[in-house]
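These notes concern the structure reproduced below.
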Amino acid sequence: DGCGHTILGPESGTLASINYPQTSPNSTVCEWEIRVKPGQRVQLKFGDFDIDDSDSCHSSYLRVHNGIGPTRTEIGKYCGFGFQMDGLITSKGNEITVQFMSGTHTSGRGFLAAYSTTDKSDLITCLDNASHFSEPEFNKYCPAGCVIPFAGISGTIPHGYRDSSSLCMAGVHAGVVSNTLGGQINVVISKGIPYYEGSLANNVTSKVGPLSTSLFTFKTSGCYGTLGMESGVIPDSQITASSVLEWSDQTGQVNIWKPENARLKRVGPPWAAFISDEHQWLQIDLNKEKRVTGIITTGSTLAEYYYYVSAYRISYSDDAQKWTVYREPGMDKDKIFQGNTELYQEVRNNFIPPIIARFFRINPLKWHQKIAMKVELLGCQFSLGRAPKITMPPPPQNKNDDKNDDFIHSVKTSLQTDETTFTPEIKNTTVTPSVTKDVALAAVLVPVLVMVFTTLILILVCAWHWRNRKKKTEGTYDLPYWDRAGWWKGMKQFLPTKSAEHEETPVRYSSSEISHLRPREVPTMLQTESAEYAQPLVGGIVGTLHQRSTFKPEEGKEASYADLDPYNSPIQEVYHAYAEPLPITGPEYATPIIMDMSSHPSTPLGVPAISTFKAAGNQAPPLVGTYNKLLSRTDSTSSAQALYDTPKGQPGPGATDELVYQVPQSTAHSTGSKDE
C-alpha cells in the first residue's frame with residue numbers, strides 16, 4: 001500500500017512513493033519489479049530522495065536488488081533527508097527490484113525515480129526542467145510516465161514553453177514523446193516571451209504563464225501540417241458520417257448538420273450525429289495514403305448548442321472495408337483519446353508512431369448532450385517515389401502466403417515520406433529552414449545590383465552638379481568663386497541696414513570674357529544676367545534702385561554700426577554709384593543715377609550732376625540744385641576716372657541694335673576737375 005505514481009514501460013518508466021511530494025504515511029511498503037528485454041540492463045536515476053533516517057535506515061529506507069524473487073541480490077540500501085544520489089544505479093541483468101519501506105516518521109517526501117535501459121545514457125527524470133541545463137541545445141531521453149499531477153508546464157507550440165516547465169511533460173504536450181513509451185527529445189533554448197498561452201493536448205493541460213528570461217521548444221521532423229479539412233483541399237464528397245442530425249427550429253426552418261460542416265474553424269454549425277451512441281462515426285477520405293501525426297477537435301462552437309465529444313478512438317483503413325483501431329506499440333488495448341472539455345477550445349492529440357493510411361474514422365465514446373464536433377488532421381504526404389529498390393531472388397514455386405506478406409511488409413516499411421504541401425499551423429521546431437541555391441544566389445545578386453545602381457545615380461548627380469558649376473563660371477564678369485556660389489546673396493538679405501559711408505567700390509570687367517562675345521551678345525548679356533547683390537546705401541540715403549544690379553561691390557572694409565555719423569565726419573569725395581540694370585527693351589545705355597546731395601552742408605549748389613554713362617540719342621535730364629561727383633577706379637586702384645567712348649556707328653533710335661561698348665580708355669583727370 002506504499003506505491004505512488006507508477007508507469008512501467010518496456011524500455012523506461014517512472015515510479016514514486018505514495019503521496020509524493022507530500023509526506024508518506026507510516027508503516028507502508030511497496031515493491032516494483034522491473035523487467036526489460038533479455039540482453040539489456042536496467043539503470044535507475046533518482047529525481048528526488050527524502051526519506052527519514054532517524055533510526056539509521058532501520059524502519060524507513062529504499063532498497064534496490066538485482067533480479068526478481070528469492071534469488072535476487074541486494075545492490076544497496078538508502079535513506080536520508082535530501083539525499084543526493086551521485087550517478088546511476090545499474091543492474092547486472094535485465095531485471096531489478098525496488099523496495100520502499102516507510103516506518104514511523106514525521107517528515108520526508110519519499111522519492112521519485114526514473115529507469116531505462118543502459119543504452120539511454122542521457123536519461124533524465126520527470127522533474128528536470130530547462131533551467132537545469134546551460135547548453136543552448138541538447139538531447140535528452142525522457143522516461144515513460146512523465147504526465148504527473150505534481151508537475152506543471154506553461155506554454156504551447158509553436159511559441160515555446162516557459163523555462164520552469166518540466167521538459168518531459170512539455171515533450172508529451174507537444175507530441176514529441178509518448179507518455180506510455182517515453183523517447184528522445186531535442187531541446188532548443190531561446191529568449192523568453194512576456195506571456196505563455198495555455199492549451200490541452202495529449203491529456204496534458206498547459207497553464208498560462210508570465211514572463212520568463214528563457215523558453216524552450218523542440219526540434220521535430222516537421223510533419224505537422226494541416227491536411228485539408230479547414231482549407232477545403234479535402235472536398236465535401238470525401239467527408240461522410242454514420243448519421244446526420246436534421247431538425248426544424250421554431251421558425252420552421254430545417255437545419256441539417258452535415259458531415260462537411262465538420263471543418264475546423266469553419267463558421268457555422270458542426271457535424272452532429274442523429275443518434276448519440278458509441279456506434280456513430282465521422283469518416284475522412286484523404287484520396288491517397290498519407291502520414292498522419294495528429295488530430296485537432298472542437299465542439300459545436302455555437303453557444304446555444306453546448307455539444308462536444310469528450311473521448312473517442314481512431315480507426316484507419318486503406319480500402320474503407322477492413323478497419324484497424326489505433327493502439328500504442330506494445331499495448332493490447334485500444335488507445336482512447338481525450339477530447340474536449342467545452343465547446344470552443346481546440347484539443348490536440350498526436351499519434352506516436354504516426355498512422356499511414358488513406359481512410360480515417362473518428363468514433364465518439366463520450367460526449368456532452370449530443371455528438372457534435374469539428375476536426376482537422378495533421379501530417380504530411382506519403383510517397384513511393386524515392387523508395388529504395390529491393391532486389392530479391394525469384395521466389396520458389398511453393399512460396400506460401402506468409403512469405404508474400406512478409407515481403408509486402410518489408411517494402412512498406414522502407415517507404416519514405418515527403419514534406420506536406422500545405423502550410424503547417426502547428427510546428428514543434430525552431431530550426432531555420434534550409435535555404436535553396438536560388439535563394440542564396442538572390443541574396444548575393446540583390447545587394448550587388450543595388451550597389452551598382454546607387455553608384456550610377458551618384459555619378460549622374462555629380463556630373464550634373466559639375467556641369468551647372470561650369471556654366472556658372474562662364475558668366476560675363478570675372479567673379480570670385482565664393483560669389484558664384486550664391487551664399488553672399490543670401491547673407492546680404494539678412495544683414496541689417498547700415499547708414500555708414502562705404503569705401504569706393506571699383507567696377508571690374510574681364511576683357512577676356514568680353515572680347516570673345518559677338519557685338520550683339522554684349523547688350524543681351526547685360527540685359528538678361530541676374531544680379532546677385534542687394535541695393536547699396538549711398539550717402540546715408542536709401543536709394544531707389546531696382547532690385548537687380550549689373551555690378552557688384554568689391555569686397556572691402558564695410559562700415560560698422562560703431563562708425564561715426566557721416567554728417568559729422570569729414571567730407572568724402574567719392575560715393576558709390578551703381579547703374580540701374582538695363583531694361584529688356586529701351587536705350588542701350590543705362591539711365592544715369594542722380595543722387596540728391598542738397599542736404600549735405602558742404603555741397604555747393606547749382607552744379608550739374610555728372611554721369612559716366614550716356615543714353616543713345618538723349619541727354620541725361622539735369623536736376624537743379626543737386627551735385628554728385630561720380631568716380632570709379634580702374635584695376636590699378638588709381639584715382640583716374642574711366643570713361644566710355646561714343647559707340648560705333650551713327651547714333652539714333654534706329655541704330656540701337658548695332659551699338660556695342662568699346663573697351664574703356666583711361667584719361668587722366670584730377671579728382672577736382674569737371675567732366676566735359
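Because only heavy atoms are used, hydrogens play no part in the values below, and waters and symmetry mates are left out as well, while side chains stay in. Quick note: residue numbers are just sequence positions, from 1.
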Is it the case that the side chains of [Y] and [X] hold a donor-acceptor pair, with the cut-off being a distance below 3.5 Å and no angle test?
{"X": "H173", "Y": "S199", "result": "yes"}
{"X": "N340", "Y": "T297", "result": "yes"}
{"X": "S214", "Y": "D163", "result": "yes"}

Answer yes or no: is there an ion pair linking [X] with [Y], defined by an N-O contact shorter than 4.0 Å?
{"X": "R266", "Y": "E260", "answer": "no"}
{"X": "D285", "Y": "R361", "answer": "no"}
{"X": "E376", "Y": "K265", "answer": "no"}

Going by the rule salt bridge (charged side-chain N to carboxylate O under 4.0 Å, His left out), which residues pair with [X] if we only count those two or more places apart in sequence or in a different chain?
{"X": "D277", "answer": "none"}
{"X": "R109", "answer": "D48, D50"}
{"X": "D334", "answer": "R327"}
{"X": "K335", "answer": "E328"}

Quick one: side-chain hydrogen bond (donor to acceptor under 3.5 Å, both in side chains) partners of N202, sequence neighbours excluded?
N350
Partner set under side-chain hydrogen bond (donor to acceptor under 3.5 Å, both in side chains) for T301, not counting sequence neighbours
K374
Spacing of [atom1] belonging to [X] relative to [atom2] belonging to [Y], to within rounding of 0.5 Å:
{"X": "E342", "Y": "L200", "atom1": "CD", "atom2": "CG", "answer": "9.5 Å"}
{"X": "L181", "Y": "I7", "atom1": "CG", "atom2": "CD1", "answer": "11.0 Å"}
{"X": "F359", "Y": "Q321", "atom1": "CZ", "atom2": "CD", "answer": "8.5 Å"}
{"X": "Q345", "Y": "L343", "atom1": "CD", "atom2": "CG", "answer": "10.5 Å"}
{"X": "E304", "Y": "D249", "atom1": "CD", "atom2": "CG", "answer": "11.0 Å"}

Residue pairs fulfilling ring pair (Phe, Tyr, Trp, His ring centres under 6.0 Å) with at least one residue in residues 7-35, sequence neighbours excluded:
Y20-F150, W32-F111
Can you tell me which residue pairs pass the ring pair (Phe, Tyr, Trp, His ring centres under 6.0 Å) test with a partner in residues 271-298, sequence neighbours excluded?
none
Taking C-beta and beyond as the side chain, do [X] and [Y] meet within less than 4.5 Å on heavy atoms?
{"X": "V325", "Y": "I314", "result": "no"}
{"X": "L378", "Y": "T226", "result": "yes"}
{"X": "I193", "Y": "L211", "result": "no"}
{"X": "R263", "Y": "D236", "result": "yes"}
{"X": "V42", "Y": "N94", "result": "no"}
{"X": "I284", "Y": "V375", "result": "yes"}
{"X": "V208", "Y": "Y195", "result": "yes"}
{"X": "F360", "Y": "S315", "result": "no"}

Give the intermediate values and the outcome of side-chain hydrogen bond (donor to acceptor under 3.5 Å, both in side chains) for residues Y196 and S212.
CA-CA 9 Å; Y196 295 89; S212 67; 2.5 Å; yes
Assess whether side-chain hydrogen bond (donor to acceptor under 3.5 Å, both in side chains) is satisfied between Q280 and S242, documenting all intermediate values.
CA-CA 5 Å; Q280 305 302 312; S242 56; 2.6 Å; yes
Between F351 and Y326, ring centroids under 6.0 Å
yes
Using distance only, find each side-chain donor-acceptor pair of residues 364-372 under 3.5 Å and give its atom names and separation, not counting sequence neighbours.
| from | atom 1 | to | atom 2 | distance (Å) |
| --- | --- | --- | --- | --- |
| H368 | ND1 | Y306 | O | 2.9 |

Taking disulfide bond (SG atoms under 2.5 Å apart) as the cut-off, I'd like each qualifying pair that reaches into residues 148-207, sequence neighbours left out, listed once.
C142-C168
Is a side-chain donor or acceptor of T97 paired with a backbone partner of G67 at a separation under 3.5 angstrom?
yes
On the six-membered ring of Y141, is K120 placed so that its NZ or CZ lies under 6.0 angstrom from the centre and within 45° of the ring axis?
yes
Can you run down the side chain to side chain donor-acceptor pair (under 3.5 Å) pairs that involve residues 35-47, sequence neighbours left out, and say none if there aren't any?
R35-E95, Q43-S116
Taking atom NZ as the centre, does K258 end up with more than 12 heavy-atom neighbours from other residues, nucleotides or ligands that are less than 6.0 angstrom away?
no
Flag if over 12 foreign heavy atoms under 6.0 Å of CD, Q250
no
Output all residues satisfying ring-ring contact (aromatic ring centres under 6.0 Å, His included) with Y312, sequence neighbours left out; order by chain, then residue number.
F337
Stepwise side-chain contact (heavy atoms from CB on, under 4.5 Å) check, Q184 with V177:
CA-CA 7 Å; Q184 200 79 24; V177 295; over 6 Å; no
